Amino acid sequence: MNKETLIIQSEDKEGLKKAAEILKKGGLVAIPTETVYGLGANALDEDAAKNIFKAKGRPQDNPLIVHISDIDQLKDLVSEIPEGAYVLMEKFWPGPLTLIMKKSDKISDVITAGLDTVAIRMPSHPVAREIIELANLPIAAPSANISGRPSPTDASHVIEDLVGRVDAIVDGGRTGVGVESTVVDISSGIPTILRPGGITEEDLLVVFPRVDIDPALKGEDENLTPKSPGQKYKHYSPNAKIKIIKGELFSMINRINHLYREYTNQGLKVGILATEQSRWSYSCDNLIVVGDRGRPETIATNLFDSLREFDKMKVDMILAEGIEEIGIGKAIMNRMEKAAGFDVENL
Ligand code: TXA
Ligand code: MG
């Protein structure tokens, strides 16, 4: 693929109109959202949707999220709106929550990868909303990375992966949340988290007495297939191998220092993914401080960028500290464990 890719600054109003025009004509435009950048196309145009899969090298059995800017768009996209969905939409839209509902006939099997449900999200990012409004269309958009790579949290990441493969990239600077939206299946009564994300289980429990989590997410039982097809792939991966060490901070530091020496002695170039609380406990040239354990949202914001930074350092191996799995910590560990292919050592 060798397309000419237009780079549009998000402050450029004419540029945003152009982005909307490209979408209307069936083109591909990467747009910033509050979670990660998305690679958008007209969700009602099957050929445009097919081109998303080509540009990303995405497996065809992994369905896309459809983005809307107005609740009125929903009625064309889904065949029924379950009771529970209203409560969630009221409370968390616009925002990092994706709802799975029964699809309407207007949604092609290309978007849903043949499933009878469709994923819908209303982003809160002003630029994403403006482009969807200007295009006046529902926009299908997976994360704007080459499949398998860490999701893009800055326009430079999208440029790295997709220049020459898409028609335009809208640069809106860094995204905020840093991990993708929470995917919740509401099509069969009890809300079930298929992918942890920006809206936490704790947030959902404020409005629902019971919330289930897809048991396949942990990767502990190979016989369980995740209900969200995207969760079955190794993902978010930098080129280096990742090993996660989980335990008390002091024990993690000791174990990582031990492994660092061991791998370095084997001639490997080793990186360490540390936190503010541990940064002074390592002596390693390839150290990245991902954020502050006291404010885990900072870790979510920086995680994918840190993984891409390790690629630039050309490390062979990354030793990463585990993060406490509460609040946004669940989404962080889900992404890290998948990036590590579930190579996790519990101390
Ligand atoms: O924050 C986000 O959700 C970002 C921004 C761009 O909105 N998008 C994103 O899209 O992360 P993507 O394609 O990288 O991830 C979509 C996830 C995949 O795991 C996919 O399998 C799941 O949503 N999904 C989509 N449709 C589904 C459906 N009908 N049933 C179950 N899972 C579905
Ligand atoms: Mg993705």
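All values reported here derive from a predicted model rather than from experimental measurement.
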Give me the atom names and distance for the closest heavy-atom approach of [X] to [Y].
{"X": "Y37", "Y": "D154", "result": "CE1-C, 3.5 Å"}
{"X": "S151", "Y": "E180", "result": "OG-OE2, 2.5 Å"}
{"X": "S281", "Y": "N257", "result": "O-ND2, 3.0 Å"}
{"X": "R129", "Y": "P94", "result": "NH1-CB, 3.4 Å"}
{"X": "I139", "Y": "G40", "result": "CG2-CA, 3.6 Å"}
{"X": "T35", "Y": "V177", "result": "CA-CB, 4.1 Å"}

Could you tell me whether the side chain of [X] and the main chain of [Y] form a donor-acceptor pair under 3.5 Å?
{"X": "S104", "Y": "D76", "result": "yes"}
{"X": "T5", "Y": "G164", "result": "yes"}
{"X": "R261", "Y": "N265", "result": "no"}
{"X": "E46", "Y": "S108", "result": "no"}
{"X": "D311", "Y": "N239", "result": "yes"}
{"X": "K56", "Y": "S143", "result": "yes"}
{"X": "Q73", "Y": "D70", "result": "yes"}
{"X": "H157", "Y": "T153", "result": "yes"}
{"X": "N42", "Y": "L23", "result": "no"}
{"X": "D12", "Y": "I8", "result": "no"}

Donor-acceptor side-chain pairing of [X] and [Y] below 3.5 angstrom:
{"X": "R293", "Y": "T275", "answer": "yes"}
{"X": "T98", "Y": "S181", "answer": "yes"}
{"X": "N302", "Y": "R174", "answer": "yes"}
{"X": "Q231", "Y": "N334", "answer": "yes"}
{"X": "R121", "Y": "T33", "answer": "yes"}
{"X": "T200", "Y": "D203", "answer": "yes"}

Is it true that atom [atom1] of [X] has more than 12 heavy atoms of other residues, nucleotides or ligands lying nearer than 6.0 Å?
{"X": "E83", "atom1": "CD", "result": "no"}
{"X": "E202", "atom1": "CD", "result": "yes"}
{"X": "K3", "atom1": "NZ", "result": "yes"}
{"X": "D105", "atom1": "CG", "result": "no"}

Flag the pair [X] and [Y] as a salt bridge only when some basic side-chain nitrogen lies within less than 4.0 angstrom of an acidic carboxylate oxygen.
{"X": "E345", "Y": "K246", "result": "no"}
{"X": "K13", "Y": "E130", "result": "yes"}
{"X": "K103", "Y": "D116", "result": "no"}
{"X": "E309", "Y": "K312", "result": "yes"}

Show your reasoning for whether side chain to side chain contact (heavy atoms under 4.5 Å, CB included) applies to R308 and N145. CA-CA 11 Å; R308 283 178 183 258; N145 51 288; 3.8 Å; yes

Testing D305, I299, I332, L307 for side-chain contact (heavy atoms from CB on, under 4.5 Å) with V290, which one passes? I299

Taking atom CD of E201 and atom OG1 of T182, what is their separation to the nearest 0.5 Å? 10.5 Å

In Å, rounded to the nearest 0.5 Å, how long is the span from CZ of R279 to CG of D292? 10.5 Å

Go through it in stages, so that I can follow the logic: the residues are T175 and E34, the test is side chain to side chain donor-acceptor pair (under 3.5 Å), and I'd like the CA-CA distance, side-chain angles, deciding distance and then a yes or no. CA-CA 5 Å; T175 59; E34 72 278 18; over 6 Å; no

S228 side chain near D214 side chain, heavy-atom distance below 4.5 Å: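 Heavy-atom side-chain distance check fails, nothing below 4.5 Å.
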
To which residues is L319 joined in a hydrophobic cluster, defined by side-chain heavy-atom contacts under 4.5 Å among Ile, Leu, Val, Met, Phe, Trp and Tyr, whether direct or through other members? I245, L249, M252, I253, I256, L259, Y260, Y263, L268, V270, I272, Y282, L287, V289, M317, L347

